[in-house]
2 protein chains.
Amino acid sequence: MSVGHTAVTVLPVSSYAEEDCGIREVLDRIGDKWSVLVIVELTPGVRRFRQLQRALPGISQRMLTLTVRRLERDGLVARTVHPTVPPQVEYRLTDLGNSFTHMVKALAEWSADHRDRIADSRRAWDEANPGSDVR
Amino acid sequence: MSVGHTAVTVLPVSSYAEEDCGIREVLDRIGDKWSVLVIVELTPGVRRFRQLQRALPGISQRMLTLTVRRLERDGLVARTVHPTVPPQVEYRLTDLGNSFTHMVKALAEWSADHRDRIADSRRAWDEANPGSDVR
DNA sequence: CAGCATCCCGATGGATACTG
DNA sequence: CAGTATCCATCGGGATGCTG
């Protein structure tokens with residue numbers, strides 16, 4: 001077997017979007033249902049587990065745990081356990097998490113600024129394309 | 001029945017993260033697997049269907065169609081059909097779509113800037129938490 | 001209080017085949 | 001070329017029950 005014979009993994013090129021620009025990584029981190037909301041909720045300061053859950057109506061214990069663990073793993077959130085009875089666990093943003101806050105803020109502003117326009121566009125599209133399963 | 005009796009919809013408060021700030025809307029729009037990548041790919045200019053598909057290795061016809069339709073519905077992308085043979089369809093960003101480009105750029109920069117730090121954090125966490133299913 | 005362990009369902013999205 | 005139509009596997013995430 002000569003060199004370059006097996007497993008060449010073609011992958012033609014990819015003008016822009018490919019793996020080179022790290023968009024996919026960010027999306028994998030914040031694209032899920034709760035991560036950004038948790039970050040937003042931690043922006044004002046430290047929160048305890050139950051506090052977070054109450055502040056995020058609809059989140060299950062399981063998902064809050066998972067979300068907060070992943071954020072901790074990524075270094076966006078710090079977790080502090082106070083070995084008391086009953087147990088007390090605090091969550092806060094790290095510097096890294098705080099830096100990400102700016103992104104979220106920009107995103108929220110963009111959303112607020114263009115919300116109406118998007119809603120209009122959707123109405124128009126839906127009217128022009130009745131009975132479409134796109135939605 | 002007196003006023004204010006039915007359907008009070010409790011919903012305690014929701015300090016920050018609730019529906020009021022439009023984060024959820026943005027995430028519903030860009031949190032999927034391909035939307036942002038398509039937008040990135042359209043940033044340099046107009047693209048045709050197959051061009052997009054080739055530029056986005058791994059995307060299926062179905063998903064490209066769905067993604068591009070949703071973006072069109074939201075008013076981020078404009079679709080132009082040239083009734084030729086064979087058919088030719090062009091996609092380009094609208095002004096709205098272009099404005100969103102800035103968000104994506106910021107996200108990409110943030111990702112690039114902190115990629116290493118996050119990777120380190122993950123390694124450390126994985127080492128400190130062996131055999132965890134969090135990942 | 002702050003979780004972990006299970007079970008399970010619906011949505012997302014990939015593969016494939018067909019069409020104007 | 002630019003789609004549409006199906007079928008199907010995966011998996012994110014909700015509900016529930018138990019524990020230190």
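What separates CE of B/M63 from C1' of C/dT12 is a distance of 7 Å, to the nearest Å. For the pair B/R135 CZ and D/dG12 C1', the interatomic distance rounds to 11 Å; values are reported in whole Å. In this structure, CD1 of B/I59 is placed 12 Å from P of C/dA15, rounded to the nearest angstrom. Between B/H82 atom NE2 and D/dG3 atom C1' there is a gap of 16 Å when expressed in whole angstrom units. Nucleotide D/dA2 holds its P atom 11 Å from the CZ atom of B/R69, rounded to whole Å. Across the protein-nucleic acid pair, A/D133 atom CG and D/dG3 atom C1' stand 13 Å apart, rounded to whole Å. Straight-line distance from the CD atom of B/E90 to the C1' atom of D/dG3: 16 Å, rounded to whole Å.
Dashed line: the shortest gap from a side-chain N or O of B/R79 to OP1 or OP2 of D/dG3 is under 4.0 Å. Proximity of B/R62 to the phosphate of C/dG13: no side-chain N or O atom is located under 4.0 Å from OP1 or OP2. Phosphate proximity of D/dC1 to B/Y91: absent, as no side-chain N or O sits under 4.0 Å from OP1 or OP2.
A cation-pi arrangement is present between A/R24 and B/W34, with the terminal nitrogen or guanidinium carbon under 6.0 Å from the aromatic centre and inside a 45° cone about the axis. Taking the centre and axis of the six-membered ring of A/W110, the NZ or CZ atom of A/R117 falls outside the cone set by 45° and 6.0 Å.
If you check D/dG14, C/dG3, C/dG14 against the side chain of A/K33, the one that comes closest is D/dG14.
Along DNA chain D, the nucleotide nearest A/W34 and the nucleotide nearest A/P87 are compared for position; the residue whose nucleotide lies closer to the 5' end is A/W34. Both A/T65 and B/D32 lie close to DNA chain C; mapped to their nearest nucleotides by heavy-atom distance, the more 5′-ward contact belongs to A/T65.
Under the 4.5 Å side-chain contact rule for hydrophobic residues, B/M63 and B/V89 share a cluster.
For the pairing with A/E41, the salt bridge (charged side-chain N to carboxylate O under 4.0 Å, His left out) check across A/R48, A/R47, A/R92, A/R54 returns one residue only, A/R47.
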